[in-house]
There are 2 protein chains.
Amino acid sequence: MDAIDRKILAQLVNDSALTSEQLGARVGLSPSAAHRRVKALEEDGLILGYRARLSSAAQGNPSTVFVSVTLVDQRQATMMAFEAALARTTQVREAHLMSGESDYLIKVLVRADDSYERVHREILSALPGVHRLVTQFTIRTLAAGD
Amino acid sequence: MDAIDRKILAQLVNDSALTSEQLGARVGLSPSAAHRRVKALEEDGLILGYRARLSSAAQGNPSTVFVSVTLVDQRQATMMAFEAALARTTQVREAHLMSGESDYLIKVLVRADDSYERVHREILSALPGVHRLVTQFTIRTLAAGD
DNA sequence: TTTCCTTGGGAACGCCAATGCGCATCGCTC
DNA sequence: GAGCGATGCGCATTGGCGTTCCCAAGGAAA
């Protein structure tokens, strides 16, 4: 991990469809050297994989909702069951165990052809161990991060 | 946009390094047909691009912090200046204009070799138009979403 | 100084992306 | 119901790029 590796990672985070030739030109390396670096970064586990970035339309023009979740208790079994159920939902895109008032902060994407009322009732309220849900609606998202 | 296109998008979101042959096999199409579909999805703007997914180590083993931001006022100039400054930071990975108490909810990644105290003092507090910052720390992140 | 190790560039090889072609299917029109 | 255009498939081909080889250059250790 030197300066060139960091430049390579920065480039590939922006656009992983670059050819080795283009990548090499941007970081000051020959195509073969750049390619070798990338392969090494993959094998070292620094690059986990590659994924397509979808337009908002391709995701159903979703709106983002943040929900603070409080569980009925903080026993390990309760938390594990809750987290396992979370992983099976498709709407929950992020989940963080939080310090402070509530237990979890989750980010939920609600498709435009769906309703938050339904998601709240059928999905979120149905999660095991949920005691309280506090919803924060977003008006506009600036940087999605993904 | 039919069922096959949706399957293709689902595959490429998970792994965009698939060859056309692999992709075709997974969605029930020949390599050439799968390739044509992908190109069409790109040209229609449904696929915005491709990016590498980095390991936590490659990002400096960061911890996630959510910050609720209240601005001094909600004049358009104030909000635009704040948002423009946000876009220039590297630590802020997500930003949402929110309904309710505070104006923005932002997700901040703090590298393990950095300190939130410094980020709070030198970066967040320095953003233009900031009136109040309320920080929520994460203990553990389950699904990063990106 | 010699040797080894790392990392670079250049070139050959093989695979896959990219495209043209023919054909099947579907839907519209007469 | 027959004809026709459009759409989208699979197959085959080509060319570009990923992949891997080899060799050279530089630095560190002996």
Side-chain angles (χ1 to χ4, degrees), chain A residues 1-62 90 111-114 144-146, chain B residues 1-62 90 111-114 144-146:
Chain A
M1 265 298 278
D2 58 2
I4 294 182
D5 282 328
R6 280 188 288 274
K7 283 164 81 175
I8 289 177
L9 290 178
Q11 289 294 328
L12 293 183
V13 165
N14 277 338
D15 181 11
S16 63
L18 289 171
T19 66
S20 294
E21 186 177 3
Q22 295 170 321
L23 180 61
R26 297 190 188 192
V27 303
L29 242 51
S30 73
S32 64
H35 178 74
R36 213 172 317 132
R37 292 260 195 170
V38 172
K39 284 297 156 192
L41 290 169
E42 290 173 359
E43 282 169 17
D44 292 348
L46 294 175
I47 295 177
L48 297 178
Y50 302 92
R51 45 181 45 178
R53 203 157 46 93
L54 301 189
S55 72
S56 175
Q59 302 177 55
N61 296 307
T90 60
R111 297 176 59 92
D113 57 9
D114 201 349
D146 55 335
Chain B
M1 264 296 278
D2 59 4
I4 294 182
D5 281 328
R6 280 189 289 275
K7 282 164 82 174
I8 289 177
L9 291 178
Q11 289 294 328
L12 293 183
V13 164
N14 278 338
D15 180 10
S16 63
L18 290 171
T19 66
S20 294
E21 186 177 3
Q22 294 170 319
L23 181 61
R26 298 191 187 191
V27 304
L29 242 50
S30 73
S32 63
H35 178 72
R36 257 193 302 267
R37 293 259 193 169
V38 172
K39 285 297 154 191
L41 290 169
E42 290 173 359
E43 282 169 16
D44 293 348
L46 294 176
I47 295 177
L48 298 177
Y50 302 92
R51 44 181 47 178
R53 203 155 46 92
L54 301 189
S55 72
S56 176
Q59 303 177 54
N61 295 309
T90 59
R111 296 175 60 92
D113 57 7
D114 201 349
D146 55 336

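Any value given below was found using the heavy atoms of this structure, including those in side chains, with hydrogens, waters and symmetry copies removed. Every chain is numbered from 1, with letters handed out A, B, ... down the list of sequences.
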Check: B:Ile8 main-chain N/O paired with B:Gln11 side-chain donor or acceptor under 3.5 Å
no
* Hey, is the side chain of B:Lys39 poking within less than 4.0 Å of OP1 or OP2 on C:dA18, counting only N and O atoms? -> yes
Whole-Å distance, A:Glu42 CD to D:dG18 P, equals 12 Å
Here the salt bridge (Lys or Arg N to Asp or Glu O under 4.0 Å) pairs for residues 29-47 of chain A, sequence neighbours left out, are A:Asp2-A:Arg37, A:Asp5-A:Arg37, A:Lys39-A:Glu42
To the nearest 0.5 Å, atom OH of A:Tyr50 lies from atom CZ of B:Arg53 at 11.0 Å
Separation between CG (A:Leu23) and CG (A:Asp15), nearest 0.5 Å, reads 10.0 Å
So, with a heavy-atom separation below 4.0 Å from DNA chain C, the residues of residues 16-38 of chain A are A:Leu29, A:Ser30, A:Ser32, A:Ala33, A:Arg36, A:Arg37
Exceeds 12 heavy-atom contacts within 6.0 angstrom, atom CD of B:Glu21
no
* Any side-chain heavy-atom pair of B:Ile47 and B:Leu12 under 4.5 Å -> yes
When rounded to whole Å, the CG to C1' distance for the pair B:Asp2 and D:dT7 reads 12 Å
The correct set of residues in residues 6-14 of chain B placing a heavy atom under 4.0 Å from DNA chain D is none
d(A:Leu46 CG, B:Ser56 OG) to nearest 0.5 Å is 10.5 Å
Short side-chain to backbone donor-acceptor contact, A:Gln59 and A:Arg111, under 3.5 Å: no
